[in-house]
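Lettering follows sequence order; numbering is per chain, from 1. Since the model is a prediction, treat every value here as computed from it, not as a measurement. Just so it is clear, the values below take in all heavy atoms, side chains as well, and ignore hydrogens, waters and symmetry mates.
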Amino acid sequence: MSFLAQATIPAPDIDFLGVGPEIALVVAALVVILAKAILRKRGPVNQISLWVSIIGVGAAGALLGFQWNDVRDNGPLTTIVGSVRVDLFGVFLGVVVVAATAMALFLAASYLERENLEAPEYYALMLLSAAGMVAMTTANDLIVVFVALEVLSIPLYVLAAFDRRRLSSQESGIKYFVLGAFSSAVLLYGVALVYGATGTTSITGISDFLAQNTLFEQGTLLAGLALLLVGIGFKVSAVPFHMWTPDVYQGAPTPVTAFMASATKAAGFAALLRLLGVAFPLYRNDWRPVLAALAALSLVVGSVAAVVQTDVKRILAYSSIAHAGYILMGIQADTARGRQSALLYLLVYAFMTVGAFAVITVATRKGDDHHSLDDYRGLALRRPVVGGLLAFFVLAQAGVPLTGGFVVKLEIFSSAVDAGEYGLATIGVLAAVVAAFFYLRISVALFTKPDGEEAAAPAADDEATEDRKVDSWTAIVLTVAVAAVLFAGILPGTWLTFAGDATFF
Amino acid sequence: MIALEITGSYYLILAALLFTIGAVGLLVRRNVLVMFMCVELMLNAVNLTFVTFAKMLDDVTGQVLVFFTLAVAAAEVAVGLAIIVAIFRRRSGATADDLDVLKG
């Protein structure tokens, strides 16, 4: 007994700054859940949970700022037995995730009240999901990647199905759940095979092992790498792993779609970049062609399939697949410039896509089920500001000059050309031309008068349309998004340096 | 009597087979609960792989990772069943073919 009492249990050193943002988000989520359990009055609980969530996200953002300064001055920070590695790359994408979370939170604030949904649960789930995403950006161990992936996905399954009264929301929830669970299992099998081949799951450990040893047979490792790519491919919705994207984006409540489109992509690409850049740089001749194929397929399928869609949310879902293709193009170049352009794309894309979905939350009638192009016809004539903003975000995504969308596309194309990928760059340009067609289709629909018989319909629904005044929360999101997209388009210098600093692991 | 020596690769092949059965089952079966069980089969196949590699490499990490998988799978089960119950409460059977509102 006395022997046991004296035996010490060595605890790993934890640098709490390294996991600060995650802690802030999780604590805020727990406080929200507790507030809901203790205070039972609906009105005050909604207000309290909203403010707690805002404070949590703000604290996470501030901690990321500290991390950025600390890492820039003292070098990367490795903690929790090497499973978390905070470097400028991770912090940059953490900032993207937290910015997207903050905007999606603001969108939800008014949306939930309008649609009469339970607010505290929604905020708590969103914060937990964001914590998983931030953890993913700094994960330095494959098992942390897997756990972070699940922590970000499981709340998202619930969020997608959050509007239980709406059939399409339920359906998007179950579809996302089944395919998400499938992709996680595939990713995990990849982790197992890589572990079997290298004897470690640490990303830097794998890199060290491969640098010092020559594998007798490479089949297990390459199969593991392929399965990891499939698993992450699902999360970032790269073709051919994109089947869930249109259905889920269309059916999920619009603020959730905005959150999924922007933040989940950033987290997924963070894992992909770190995995390929740190663990498997020696296998670049094996993964580069695969990524090139994924990029080309995503560009072609995303752009072409969007042309024949009639639902605006669905069109934006396909366009997000095409955007994933551009980002993959930057990653497959496997140069500092390529990574820089991919990072910048993720940042600007977050603002463009959240902005577009922000307009959609206020554009149409109550119910979140009326998003066909016909519902949007003449919107800009009826409500110039709202319609004009949607046109702006859509054209920014198309890559019109003076918007951030143009700068990031240009960066991606030049990095691909620098890397000698002329074929892929050509496919990218052609896809951008096809994509311009459906982006213009939305914009034209916004500015054309509806046909005679349909013109009567909006008038009859005047009251329902009246509900959708742009409230102050949405207005803040729209202002920030417009400012960010314009700023990135007109003065890209600061953003480029910021992303350039973050290209090294 | 044939003396059969069971090596690690037997377990790896068994795990690969289980994983494939799970993956194919998920894609071809229409009942959501069966699809759900297929996911569990896939995860457990991975667990078997982890344990086998841990034994072959004489490294305890692989066995520890199984606990992570188990915990995550349990969370997934809870959420997945909740979604299924919420959706199929007002429908007669739990088939994926009924989920046809979203398409295009």
Side-chain angles (χ1 to χ4, degrees), chain A residues 142-144 146-147 149-151 153-155 157-158 160-161 164 166-182 184-193 195-202 220 223 227 246-251 305 308-311 314-315 317-318 369, chain B residues 8 12 15-16 19-20 22-23 26-27 32 35-36 38-54 56-59 61-62 64-69 71-73 75-84 86-91 94 96 98-104:
Chain A
L142 290 178
I143 212 70
V144 179
F146 171 70
V147 173
L149 187 77
E150 290 293 302
V151 172
S153 302
I154 292 176
Y157 304 148
V158 184
R164 280 175 306 170
R166 204 153 49 77
L167 278 183
S168 53
S169 174
Q170 294 184 340
E171 190 178 319
S172 80
I174 192 87
K175 281 181 173 166
Y176 193 29
F177 170 71
V178 170
L179 284 167
F182 177 76
S184 313
V186 171
L187 180 107
L188 190 65
Y189 199 37
V191 175
L193 293 182
Y195 167 69
T198 61
T200 177
T201 52
S202 159
T220 316
L227 290 173
D247 285 357
V248 174
Y249 279 24
Q250 184 189 351
V308 295
Q309 301 300 323
T310 53
D311 185 286
R314 225 178 157 80
I315 295 177
Y318 276 107
D369 253 341
Chain B
L12 292 181
F19 189 86
T20 316
L26 185 90
L27 299 177
V32 179
M35 291 162 86
F36 195 49
C38 288
V39 171
E40 293 301 306
L41 192 60
M42 290 165 74
L43 287 174
N44 282 314
V46 177
N47 281 345
L48 185 57
T49 315
F50 268 127
V51 174
T52 312
F53 277 134
M56 286 165 80
L57 294 162
D58 204 14
D59 173 38
T61 320
V64 176
L65 299 187
V66 170
F67 287 103
F68 283 89
T69 317
V72 165
E76 218 169 51
V77 169
V79 166
L81 284 178
I83 294 178
I84 291 173
I87 290 181
F88 291 102
R89 190 175 276 161
R90 287 192 218 117
R91 304 183 198 200
D98 294 342
L99 305 169
D100 55 0
V101 182
L102 301 168
K103 61 191 163 202

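Of the listed residues (B:V39, B:L26, B:L43), the one with the most heavy-atom contacts under 4.5 Å to chain A is B:L26. Interface remark: of the candidates B:A71, B:A75, B:G62, B:G62 forms the most heavy-atom pairs closer than 4.5 Å to chain A. Among A:A185, A:G199, A:A305, A:G173, the residue with the largest count of heavy-atom pairs under 4.5 Å with chain B is A:A185. Among the candidates A:I143, A:I174, A:I154, the residue making the largest number of heavy-atom pairs closer than 4.5 Å to chain B is A:I174.
Within the 4.5 angstrom heavy-atom criterion, no atom of B:A73 approaches chain A. Both the backbone and the side chain of A:V186 have a heavy atom closer than 4.5 Å to some heavy atom of chain B. Neither the backbone nor the side chain of B:A82 comes within contact range of chain A; no heavy atoms are under 4.5 Å apart. Interface residue B:A54: backbone and side-chain heavy atoms are both found under 4.5 Å from chain A. The contact between B:I87 and chain A is made by backbone and side chain atoms together, counting heavy-atom distances below 4.5 Å. A:L193 touches chain B through backbone and side chain together, each having a heavy atom under 4.5 Å away. Heavy atoms of A:S153 lying under 4.5 Å from chain B are absent altogether.
Proximity of B:T49 to A:Y195: side-chain heavy atoms (C-beta onward) are nowhere separated by under 4.5 Å. Counting heavy atoms from C-beta on, the side chains of A:F182 and B:M42 come closer than 4.5 Å.
Residues B:F68 and A:V147 share a closest heavy-atom pair of CD2-CG2, 3.8 Å. Between A:A161 and B:I83 the shortest heavy-atom distance is CB-CG2, 4.4 Å. Nearest approach of A:A192 to B:V46, heavy atoms of both residues: CB-CG1, 4.0 Å.
In this view, A:S184 and A:F146, A:L149, A:E150, A:Y157, B:E76 satisfy the side-chain contact (heavy atoms from CB on, under 4.5 Å) rule, not counting sequence neighbours. For A:T200, the side-chain contact (heavy atoms from CB on, under 4.5 Å) partners are A:T198, A:S202, A:I206, not counting sequence neighbours.
The CG atom of A:L188 lies 8.5 Å from the CZ atom of B:F19; values are rounded to the nearest 0.5 Å.
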